[in-house]
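Just below is one structure, and these are the notes that go with it.
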There are 2 protein chains.
Amino acid sequence: MSGKVAARRAALRDTLIVNAERRIASNGLKNLRARDLAKDANCALGAIYNVFGDLDDLVLTVNARTFRHLGAAVAEALSDAPQDAHAQLIVMSQAYHAFAARHYNLWRALFDIERPPGETAPDWYLAEMDQLFTYIDAPLSVLFPDHDAETRALLTRALFSSVHGIVLLGLDEASAGVPAPHLDKMISLVFSHLT
Amino acid sequence: MSGKVAARRAALRDTLIVNAERRIASNGLKNLRARDLAKDANCALGAIYNVFGDLDDLVLTVNARTFRHLGAAVAEALSDAPQDAHAQLIVMSQAYHAFAARHYNLWRALFDIERPPGETAPDWYLAEMDQLFTYIDAPLSVLFPDHDAETRALLTRALFSSVHGIVLLGLDEASAGVPAPHLDKMISLVFSHLT
DNA sequence: ATTATGAATTGAACACAGTTCATAAGGAGC
DNA sequence: GCTCCTTATGAACTGTGTTCAATTCATAAT
């Protein structure tokens, strides 16, 4: 049975992912320690590097999960939303806010991990991003049927970035610290003025 | 002459600030090294800690300068702007974009430094932020005279955060990477739809 | 001038990360 | 059971920020 090794490695991989996710969620990305993970998984320190290239690889794997969950949360909110295009944009954005607030450290890890210079984001990241853009693009087509595709693509990006910025600064307790209902109002304010 | 020591320390302080700023600007915050700074300043490693509590203290000092320059850039753009409220919002935002692009690493350092948990942002940070909010508030008062003060304050925050988000994601080459003219168009798109 | 005293400076040492790699342990094929 | 190759191990290596005992220096008293 030569799959013995593979199975053990796969199990270790899962254990590491689960524990890394738990540790990031509760203590934040910057408090993630290789030695803690090894203890969690009852494995040698070096074993982590048999399964992942380095810690960033592991974090990136956690991030892929997080981004999927984020996409799912937005999609679910959208599926329950009314037909009104404005309402859809607001519901999605508030779902983004809710996810970011609920899983703050995991959400931050999506953007706080830094890539070596010149390296591009992983494919799943760009794909998940595109998916979010697609959700936004539909109601925008309804609201602004006269825009050409490129302009609408820019507006889509711009509005996603806007919501991201509002949530990012709004959830940063130390600098801005806005209560959740205010954040939701800020989101709806921006979209309600969008004509 | 007891000012001898104080003068030497003040000189070292300045030297460290200037070199830290240069190093952050060219290599980014995460490549700033205490030992490099000591070599730059021809001082002992420990001398840094006679003058600053820790490296974060030094970076915070650099950040204060950067934030002042940022505020000045926005103010200057505003002073050259037309009377039209929409135009003012766009000009300021594009000035923000221009500053962030021109001094990318210094601008990132403003937000990438992390504070100990529970610690609030320094006063100069909040004050500089308020100043930016004030610039935004004026044209918004013209555009939306019917909003009460609190709603307008939320809209101000929301729009600042929006621009920040657009610039933040737009300048992140690895993930989004939007050319500068597109970024400016995204900014003007958002504001041109604001009614 | 000389010396005595305490403050300021120094840089080797410390603590603590991620990562590596010589060695040990384990499994596959005969 | 034996051999050989793969895999796992964790002590050691490298590179950080920070500290602090030892030293140097500035000031004032004599």
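Chain letters run A, B, ... following the sequence lines, proteins first and then strands; every chain starts at 1.
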What donor-acceptor contacts under 3.5 angstrom involve side-chain atoms of residues 28-38 of chain B, with partners at least two apart or in another chain?
residue : atom : partner : partner atom : Å
B:K30   : NZ   : A:E114  : OE1          : 3.4
B:R33   : NH1  : B:K30   : O            : 3.1
B:R33   : NH2  : B:K30   : O            : 3.4

Cut-off 3.5 Å, no hydrogens considered: what does the side-chain donor-acceptor table look like for residues 139-147 of chain B, sequence neighbours left out?
residue : atom : partner : partner atom : Å
B:S141  : OG   : B:D137  : O            : 2.9
B:S141  : OG   : B:R152  : NE           : 3.1
B:H147  : NE2  : A:H193  : NE2          : 3.0

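Scored by the side-chain contact (heavy atoms from CB on, under 4.5 Å) test, B:V74 finds B:L70, B:M92, B:L132, B:Y135 as partners (sequence neighbours excluded). For B:A98, the side-chain contact (heavy atoms from CB on, under 4.5 Å) criterion is met by no residue, not counting sequence neighbours. When the side-chain contact (heavy atoms from CB on, under 4.5 Å) test is applied to A:N50, the partners found at least two apart in sequence or on another chain are A:R9, A:A47. By the side-chain contact (heavy atoms from CB on, under 4.5 Å) test, A:L106 pairs with A:E21, A:I24, A:A25, A:V62, A:T66, A:H103, sequence neighbours left out.
Contacts of residues 14-23 of chain B with DNA chain D (heavy atom under 4.0 Å): none.
Across the protein-nucleic acid pair, A:D57 atom CG and C:dG18 atom P stand 14 Å apart, rounded to whole Å. Counting to the nearest Å, the C1' atom of D:dC25 and the CZ atom of B:R8 are 8 Å from each other. One interatomic measurement links the two molecules: CG of B:L29 to C1' of D:dT16, which rounds to 14 Å at whole-angstrom precision. Atoms CZ (A:R13) and C1' (D:dA8) sit 18 Å apart, rounded to a whole Å. When the C1' atom of C:dT9 is taken as reference, atom CD1 of B:I48 falls 13 Å away, rounded to whole Å. Distance, B:K30 NZ to D:dG15 P: 17 Å, rounded to whole Å.
Annotation: ring-ring contact (aromatic ring centres under 6.0 Å, His included) contacts involving residues 16-72 of chain B, sequence neighbours excluded, comprise B:F67-B:Y125.
The phosphate of C:dT9 has OP1 or OP2 within less than 4.0 Å of a side-chain N or O from B:R9.
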Polar atom pairs (N or O), protein with nucleotides 17-20 of chain D, under 3.5 Å:
residue : atom : partner : partner atom : Å
D:dG17  : OP1  : B:L32   : O            : 3.2
D:dG17  : OP2  : B:A34   : N            : 3.1
D:dG17  : N7   : B:R35   : NH1          : 2.9
D:dG17  : O6   : B:R35   : NH2          : 2.9
D:dT18  : OP2  : B:Y49   : OH           : 2.8
D:dT18  : OP2  : B:L55   : N            : 3.0

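B:V178 and B:V163 fall within the same hydrophobic cluster, where Ile, Leu, Val, Met, Phe, Trp and Tyr residues are linked whenever their side-chain heavy atoms come under 4.5 Å apart, directly or through other members.
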